[in-house]
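Below is one structure, written out as structure tokens; the observations come after it.
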Amino acid sequence: MAKKEGCRMGMGSFSKLYYYKPSSKDSTSALHVEADLCIYGGTPAGIAAAVQASRMGLKAVIAEFSQHIGGMTSSGLGRTDVGEAAAIGGISSEFYRALGQYYDSKEPDGRAWAFEPHVAERIYLEWLEQAGIPVYYEQHLESVEMHSGRIRKLTMENGNTFSAPMFIDASYEGDLLAQAGVSYHVGRESNSVYQEILNGIHFGHPKHNFMAWVDPYVKEGKIDSGLLPGVTDAAPGVQGQGDSSVQAYNFRICLSRNKDNQLPYPEPPNYNRDEFALLARYIRNGVWDALRLNKEMPNFKSDLNNWGGVSTDYIGRNYDWPEADYARREQLFQEHVHYNMGMLYFLANDDSIPASVRAEVREWGLPADEFRATGGWPHQLYIREARRMIAEVVMTEQHCRHYRVEEDSIGLAAYTMDSHNCRRLVLDGRCINEGNVEISPNGPYPISYRAIIPKGEQCTNLLVPVCLSSTHIAYGSIRMEPVFMILGQSAATAAALALEHQCALQDLDYRLLRSRLLQDGQILDAVKS
């Protein structure tokens with residue numbers, strides 16, 4: 001079932017690009033799936049977990065919300081956020097080595113860190129097919145049945161049910177952990193909660209902010225004319241103060257500069273050029289940097305990410321996403337599609353944009369050989385952060401800085417303590433972005449096993465390798481796709497060992513887990529310099 005049939009849309013059907021369509025419930029056709037391990041979410045973490053479970057003799061199944069597997073790795077994030085390559089082991093390393101073989105990598109270790117989306121998805125599908133792991137697509141979680149602190153069954157909107165003695169929530173949003181009654185947090189903690197210095201409201205970082213004075217008002221200097229789209233007059237707050245803001249989402253847009261493999265930027269439905277007045281004003285005031293992170297990938301493609309004061313990040317428009325119902329998320333998804341697609345169309349075609357900028361943007365186009373079902377547009381919104389579990393161990397800035405080290409490592413993280421902007425404000429009559437942070441953790445650091453399992457009194461058969469227990473600022477370092485694969489593999493290993501020894505996840509002997517992780521190539525200890 002790893003291969004998808006009958007789920008593709010027609011070329012260029014942008015009006016049909018969606019996050020969610022309600023499932024019809026038919027009791028006569030509903031499936032009841034039983035397995036040793038049920039994984040909710042076909043993200044890289046979910047795939048690594050399924051492969052590891054299979055290798056350990058478990059029957060694993062994946063219930064995936066969308067029509068695709070691979071999450072962001074197969075949806076445009078082709079320039080891997082590595083941190084330190086030496087910290088990446090196990091199945092995660094195998095994936096980048098498989099990419100290296102495909103591209104005939106010249107790196108000493110044979111791994112490739114830049115790749116095309118369709119190649120990543122192909123490798124994942126081949127892995128699952130070879131392992132005989134079924135994938136059930138368009139499974140929208142409706143309810144979770146609990147008994148004595150254990151998940152018994154998941155029920156989907158379409159009536160399908162999934163039963164297993166062990167479950168993994170590998171979704172980007174943490175919908176399963178929330179429905180299981182596990183504690184979590186959304187937004188930015190105050191620095192005082194965990195004695196951090198980079199959490200909460202954060203002003204002053206020079207990157208991804210306005211490099212020129214930009215008036216925020218519809219009529220410049222006229223407060224009563226109202227604010228331009230994308231700007232808020234919310235109170236700024238104070239440095240380090242907690243709030244409910246969520247760092248911005250965008251699409252990691254794969255572009256092609258091969259003229260024989262290009263589709264023009266489409267005009268999105270109900271396009272309104274006024275939505276990009278702030279970007280036009282910023283360019284007019286002397287700064288053109290929105291395509292600066294248009295990084296080269298194989299075969300003349302790129303991975304376009306946010307850069308600068310105004311770019312693909314839809315700042316402040318995603319706050320509802322983590323806890324929204326599916327219908328509301330669909331609205332937010334369409335708004336992000338409209339904004340990201342509209343921005344490219346605006347930059348390439350609007351007469352208010354300098355001819356040199358329009359020409360630069362038009363050197364690129366959507367790739368005709370990627371995301372064929374949606375006319376070259378990626379299917380996955382970049383959910384950088386949503387729910388974060390609150391477990392016995394909460395990963396914090398102190399772990400990132402090596403001030404605190406847990407002894408139950410299940411893998412390493414190494415990327416910058418990173419947050420994209422959370423708000424775009426008016427301060428002293430000009431636009432300011434707030435929330436960006438980029439601070440090095442000074443080398444790889446271990447992630448605690450207790451950070452991917454709930455507190456014992458809440459649930460004893462659930463592992464959470466994506467929405468793990470972490471503060472906002474530490475999560476910004478951990479939340480990289482290679483690390484999600486590492487944690488997915490470790491989660492499945494723990495599930496298999498807990499089943500073998502007939503114990504709750506919280507009671508699993510870490511020495512057994514560590515031994516098996518090392519046997520399977522995981523890197524658990526940071527090399528001290």
Side-chain angles (χ1 to χ4, degrees), residues 172-174 177-178 181-209 231-249 313-324 383-406 413 415-428 432-442 445 447-448 450-452 454-455 458 464 466-480:
Y172 288 123
E173 291 89 356
L177 77 88
V182 173
S183 298
Y184 63 86
H185 186 79
V186 174
R188 301 182 287 186
E189 299 93 345
S190 169
N191 274 328
S192 62
V193 175
Y194 295 103
Q195 293 75 57
E196 299 173 297
I197 63 172
L198 294 175
N199 211 335
I201 291 172
H202 194 87
F203 290 99
H205 199 283
K207 286 188 178 180
H208 309 305
N209 223 315
V231 185
T232 176
D233 58 359
V238 297
Q239 192 87 343
Q241 176 184 339
D243 68 4
S244 59
S245 299
V246 178
Q247 63 174 304
Y249 301 165
D313 272 6
Y314 205 22
I315 298 173
R317 306 302 184 92
N318 61 332
Y319 296 167
D320 288 352
W321 185 282
E323 299 194 89
I383 310 301
R384 286 191 173 88
E385 187 173 14
R387 296 181 178 97
R388 301 186 306 279
M389 181 169 63
I390 302 174
E392 181 182 339
V393 169
V394 178
M395 299 297 296
T396 72
E397 181 182 343
Q398 295 181 38
H399 293 99
C400 299
R401 294 184 183 273
H402 305 266
Y403 299 160
R404 178 178 172 185
V405 179
E406 305 297 338
Y415 196 72
T416 298
M417 286 179 282
D418 172 85
S419 173
H420 283 232
N421 282 304
C422 299
R423 299 184 298 164
R424 179 173 289 138
L425 305 168
V426 178
L427 285 180
D428 298 326
I432 293 287
N433 291 339
E434 182 274 310
N436 193 79
V437 184
E438 297 173 55
I439 302 294
S440 171
N442 300 318
Y445 58 91
I447 300 169
S448 171
R450 288 165 293 163
I452 69 165
K455 296 175 181 177
Q458 295 181 346
V464 185
V466 177
C467 295
L468 72 157
S469 179
S470 171
T471 66
H472 159 71
I473 195 60
Y475 192 77
S477 172
I478 295 168
R479 63 167 183 84
M480 304 303 150

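Numbers for residues simply follow the sequence, beginning at 1. Values below: all heavy atoms of this structure, side chains included; hydrogens, waters and symmetry mates excluded.
Between the side chain of Asn442 and the backbone N or O of Arg401 there is no donor-acceptor pair closer than 3.5 Å. With hydrogens and angles disregarded, a donor-acceptor distance shorter than 3.5 Å links the side chain of Ser469 to the backbone of Val393. Asn421 places a side-chain N or O within 3.5 Å of a backbone atom of Asn436 that can act as its donor or acceptor partner. Between the side chain of Arg387 and the backbone N or O of Pro322 there is at least one donor-acceptor pair closer than 3.5 Å. Panel note: side chain Glu385, backbone Ser419; no donor-acceptor pair is recorded below 3.5 Å. For the pair Glu397 (side chain) and Glu196 (backbone), a donor-acceptor distance under 3.5 Å is absent. Proximity of a side-chain donor or acceptor of Tyr415 to a complementary backbone N or O of Pro441 within less than 3.5 Å is not detected.
In this structure, the side chains of Tyr445 and Ile478 come closer than 4.5 Å at one or more pairs of heavy atoms. When side chains are defined from C-beta on, Val246 does not count as touching Trp321, because their heavy atoms never get closer than 4.5 Å. A heavy-atom distance below 4.5 Å is found between the side chains of Met417 and Ser477. Residues Ile383 and Glu173 form a side-chain contact, since some pair of their non-hydrogen atoms from C-beta on lies under 4.5 Å apart. Proximity of Ile439 to Leu198: side-chain heavy atoms (C-beta onward) are separated by under 4.5 Å at one or more points. The closest side-chain heavy-atom distance from Cys422 to Gln247 is below 4.5 Å. A 4.5 Å side-chain heavy-atom check between His472 and His185 finds every atom pair outside the cut-off. In this structure, Tyr172 and Val466 have side chains that are in contact, with non-hydrogen atoms separated by less than 4.5 Å.
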Fill in: salt bridge (charged side-chain N to carboxylate O under 4.0 Å, His left out) assessment of Arg384 paired with Asp418
CA-CA 10 Å; Arg384 286 191 173 88; Asp418 172 85; 5.7 Å; no
Show every donor-acceptor pair shorter than 3.5 Å between a side-chain atom in residues 231-240 and any protein atom, with sequence neighbours excluded, or say none if there are none.
residue	atom	partner	partner atom	Å
Thr232	OG1	Ala234	N	3.2
Gln239	OE1	Phe203	N	2.8
Gln239	NE2	Phe203	O	3.2

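The distance from the CZ atom of Arg479 to the CG atom of Leu468 is 12.5 Å, given to the nearest 0.5 Å. From Tyr475, atom OH reaches atom CZ of Arg388 across 8.5 Å, with rounding to the nearest 0.5 Å. From His399, atom NE2 reaches atom OH of Tyr194 across 11.0 Å, with rounding to the nearest 0.5 Å. Rounded to the nearest 0.5 angstrom, Arg188 CZ and Ser245 OG are separated by 4.5 Å.
No side-chain N or O of Gln241 forms a donor-acceptor pair with one of Asp243 less than 3.5 Å apart. Ser183 and Gln458 form a side-chain donor-acceptor contact under 3.5 Å, judged by distance and modelled atom types alone.
Under the 30°/60° scheme for interplanar angles, the aromatic rings of His420 and His208 are found to lie parallel.
Across all non-hydrogen atoms, the minimal contact from Gln398 to Gln195 is NE2-O, 3.4 Å. Heavy-atom minimum distance, Ile315 versus Arg424: CD1-NH2, 3.3 Å. Heavy atoms only, all atoms of each residue included: Lys455 and Ile390 are closest at CE-O, 3.8 Å. Met395 approaches Ala474 most closely through the heavy-atom pair O-CB, 3.4 Å.
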